Amino acid sequence: MVRNAGARLLPPSTRSVGYWCEVNAHTPGGRIIWLNSHPTGSPRLALRWIYTRVQDVTDQFDQPYALPGHHWLTDEAEHERALTTLARGRTYVLTLYDDTTRYVLSARPAGGTH
């Protein structure tokens, strides 16, 4: 499932980078746990980072919950949509779920609040 999420301002040290990527876990109690983040220089590198994180997250899921992530990994049309979204200066968000937690993977231009 792909959703756009609200934007956040980035720390000044990340604003000179082309794109900022991150993954967070959202627990049932409303807690948000930062799992990883990474600066990249292009939409393609941002997509590559998300791709690798999707592999990492779905490797931890039981089979039924892993299926949407496995599908995303092979969905070339969605990858093109992600690249177009990022190239247009917008945020790309992918949300994966297991039985109790929502995992939000995102990439956005680092110089703004899109």
Side-chain angles (χ1 to χ4, degrees):
M1 178 180 300
V2 178
R3 292 190 187 141
N4 284 328
R8 293 180 284 180
L9 288 173
L10 299 173
S13 63
T14 63
R15 292 185 185 189
S16 62
V17 176
Y19 295 84
W20 183 252
C21 308
E22 64 186 14
V23 59
N24 296 294
H26 297 249
T27 66
R31 190 168 161 218
I32 299 172
I33 302 166
W34 172 87
L35 299 175
N36 200 340
S37 59
H38 184 72
T40 68
S42 71
R44 191 159 304 281
L45 291 173
L47 181 61
R48 185 180 302 165
W49 187 89
I50 289 175
Y51 187 94
T52 303
R53 297 297 76 79
V54 169
Q55 289 175 316
D56 294 344
V57 169
T58 57
D59 283 349
Q60 304 302 311
F61 286 172
D62 289 335
Q63 184 61 24
Y65 298 108
L67 291 175
H70 290 160
H71 174 75
W72 185 90
L73 290 168
T74 61
D75 189 347
E76 291 182 25
E78 184 59 29
H79 298 166
E80 287 302 317
R81 241 184 320 278
L83 289 171
T84 300
T85 297
L86 291 166
R88 290 182 177 164
R90 307 295 300 166
T91 300
Y92 179 79
V93 178
L94 173 67
T95 304
L96 300 172
Y97 301 87
D98 70 7
D99 60 340
T100 61
T101 305
R102 178 171 46 114
Y103 296 86
V104 180
L105 302 96
S106 65
R108 63 183 172 269
T113 59
H114 298 280

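None of these values were measured; they are calculated from a predicted model.
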If we only count heavy atoms from C-beta on, is the [X] to [Y] side-chain gap below 4.5 Å?
| X | Y | value |
| --- | --- | --- |
| Pro109 | Tyr19 | yes |
| His70 | Leu73 | yes |
| Leu96 | Phe61 | yes |
| His26 | Tyr97 | no |

Write down the atom of [X], the atom of [Y], and the distance for their closest heavy-atom approach.
| X | Y | value |
| --- | --- | --- |
| Trp72 | His79 | O-NE2, 2.7 Å |
| Thr40 | Cys21 | CG2-SG, 3.9 Å |
| Leu86 | Ala46 | CD1-CB, 4.0 Å |
| Thr101 | Asp98 | N-OD1, 2.7 Å |

> Considering residues at least two apart in sequence or located in another chain, which fulfil the salt bridge (Lys or Arg N to Asp or Glu O under 4.0 Å) criterion with Arg44?
Replying inline: none
> By salt bridge (Lys or Arg N to Asp or Glu O under 4.0 Å), which residues pair with Asp56, not counting sequence neighbours?
Replying inline: Arg53
>> Quick test of your reading: applying salt bridge (Lys or Arg N to Asp or Glu O under 4.0 Å), list the pairs with at least one residue in residues 59-77, sequence neighbours left out, ordered by first then second residue.
In response: none
> How long is the span from the NE2 atom in His71 to the OG1 atom in Thr58, to the nearest 0.5 Å?
Replying inline: 13.0 Å
>> Measuring from atom CG of Asn24 to atom CG of Asn36, what distance do you get when rounded to the nearest 0.5 angstrom?
In response: 9.5 Å
> Can any side-chain N or O of His38 pair as donor or acceptor with the backbone N or O of Ile50 at less than 3.5 Å?
Replying inline: no
>> Run the side-chain contact (heavy atoms from CB on, under 4.5 Å) test on Arg48 and Leu45 for me, step by step, so that the C-alpha distance in whole Å, both residues' side-chain angles and the decisive distance to 0.1 Å come before the verdict.
In response: CA-CA 5 Å; Arg48 185 180 302 165; Leu45 291 173; 3.7 Å; yes
>> Run the ring-ring contact (aromatic ring centres under 6.0 Å, His included) test against Tyr65 and tell me which residues pass, sequence neighbours left out.
In response: none
>> Going by the rule side-chain contact (heavy atoms from CB on, under 4.5 Å), which residues pair with Leu35 if we only count those two or more places apart in sequence or in a different chain?
In response: Val23, Ala25, Ile33, Tyr103
> With sequence neighbours left out, what residues match Ser37 under side-chain hydrogen bond (donor to acceptor under 3.5 Å, both in side chains)?
Replying inline: Trp34
